[in-house]
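Here is the structure we will look at.
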Protein chains: 2
Amino acid sequence: MFATLEIRNGELMKKLELFEENQQEIASLAKALSHPARIAILQFLASTPTCISGDISDYLPLSRTTVSQHLKELKSMGLIQGDVEGLKIKYCLNKEGIEKLKNAFGGLFEEITPSENKTC
Amino acid sequence: MFATLEIRNGELMKKLELFEENQQEIASLAKALSHPARIAILQFLASTPTCISGDISDYLPLSRTTVSQHLKELKSMGLIQGDVEGLKIKYCLNKEGIEKLKNAFGGLFEEITPSENKTC
DNA sequence: TTCTAATGTCGCAAACATACGTCATTAATT
DNA sequence: AATTAATGACGTATGTTTGCGACATTAGAA
């Protein structure tokens with residue numbers, strides 16, 4: 001369950017890579033949720049009746065450039081999708097990604113439920 | 001639901017403070033989970049039959065100092081507790097903290113469930 | 001009281017994240 | 001073809017996180 005030091009290609013692995021796939025996946029997903037702007041974006045996309053085109057930064061206290069970066073991060077984690085439609089881009093939650101997110105955290109939460117009969 | 005620019009004490013607020021309490025809380029909890037070492041620590045604490053004293057870094061590919069910092073972070077978010085017992089410290093999951101974590105994410109996950117009948 | 005072991009704190013360096021202005025690209029409009 | 005509007009990419013400044021060795025603190029053992 002817990003990683004030990006390894007060498008690969010004659011080089012020391014990056015510290016992050018010394019953990020399990022499972023641990024890395026959850027950590028990555030958690031990182032995607034670790035900024036209030038990204039939470040706000042997910043909530044906003046969920047709250048609209050259609051996928052959104054147009055400037056999401058109108059709804060956030062951040063510049064368009066910054067929001068664009070947060071969108072990119074959410075997209076790279078598969079939590080949202082952006083479909084090009086002519087000059088505009090329609091942003092939407094990505095069903096599979098959100099499902100993956102829920103499952104990953106669900107699994108973790110089961111794993112880390114403190115047992116009742118633990119002697120401390 | 002979405003913050004607008006505000007001034008407080010004549011100073012510009014920190015960007016992070018421009019978001020809702022709710023969004024900030026989830027983001028902070030997510031940040032606590034955003035490193036594989038911290039996931040591994042939570043899993044490890046959950047997996048032991050008693051609370052753990054002794055060097056958790058023995059089980060992780062990181063130095064004692066680094067692990068100590070990760071423990072501090074988890075503790076500051078209330079996810080674990082460390083009870084001093086003489087010279088040793090017994091680390092344990094913190095029931096209330098884990099509960100809070102589950103509720104926060106549970107709430108978010110409900111909120112961001114993509115609706116079936118959305119027109120995209 | 002001195003020594004030792006368990007643990008935290010400090011300070012640094014390197015890596016990474018955030019925020020944003022400016023520029024590049026491209027689709028539609030004139 | 002030239003213009004405009006929507007958007008992403010690039011560069012950069014500033015702040016935050018990570019990782020760790022060296023030092024400090026403290027409880028108990030000798």
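Residue numbering restarts at 1 for every chain, and letters A, B, ... go by the order of the sequence lines. FYI, side chains are in, hydrogens and waters are out, and symmetry mates aren't considered; it's all heavy atoms of this structure.
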Roughly how far apart are [X] [atom1] and [Y] [atom2], rounded to 0.5 Å?
X	Y	atom1	atom2	answer
Ile112(B)	Ile98(A)	CD1	CD1	4.0 Å
Glu20(B)	Ile39(A)	CD	CD1	12.0 Å
Leu33(B)	Leu33(A)	CG	CG	9.5 Å
Leu62(B)	Ile41(B)	CG	CD1	8.0 Å

Rounded to whole Å, how long is the line connecting atom [atom1] of [X] with atom [atom2] of [N]?
X	N	atom1	atom2	answer
Met77(A)	dA17(C)	CE	P	12 Å
Leu74(A)	dT18(C)	CG	P	11 Å
Leu71(A)	dT18(C)	CG	P	13 Å
Ile56(B)	dG19(D)	CD1	C1'	17 Å
Ile89(A)	dA9(D)	CD1	P	9 Å
Lys31(A)	dA15(C)	NZ	P	15 Å
Glu73(B)	dG8(C)	CD	P	14 Å
Asp83(A)	dG8(D)	CG	C1'	16 Å

Check whether any side-chain N or O of [X] sits under 4.0 Å from OP1 or OP2 of [N], and answer yes or no.
X	N	result
Thr66(A)	dT18(C)	no
His35(B)	dG19(D)	yes
Arg64(A)	dG21(C)	no
Lys72(A)	dT7(D)	no
Tyr91(A)	dA6(D)	no

- What one-letter contact string describes nucleotides 25-30 of chain D from 5' to 3', where B marks a base within less than 4.0 Å of any protein heavy atom, S marks contact via sugar-phosphate atoms alone, and - marks no contact? -BBS--
- Item | 5' precedence on DNA chain C between Thr65(B) and Arg38(A) (nearest-nucleotide basis) |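 The residue whose closest nucleotide sits nearer the 5' end is Thr65(B).
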- Nearest-nucleotide 5' precedence on DNA chain C, Ser34(A) against Gln69(B): Gln69(B)
Scan the side chains in residues 68-83 of chain B for donor-acceptor partners under 3.5 Å anywhere in the protein, sequence neighbours excluded, and list what turns up.
residue  : atom : partner  : partner atom : Å
His70(B) : ND1  : Arg38(B) : NH1          : 2.9
Glu73(B) : OE1  : Arg38(B) : NH1          : 3.3
Ser76(B) : OG   : Glu73(B) : O            : 3.0

- Query: Do Gln43(A) and Leu108(B) have side chains that get closer than 4.5 Å, going by heavy atoms?
  - Reply: yes
- Query: With respect to the side chain of Leu62(A), which nucleotide from dG19(D), dC20(C), dT18(C) is positioned closest?
  - Reply: dC20(C)
- Query: What is the minimum heavy-atom distance between Lys95(A) and Pro114(B), and which atoms define it?
  - Reply: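 Answer, listing the atom of Lys95(A) first, then Pro114(B): CG-CG, 3.9 Å.
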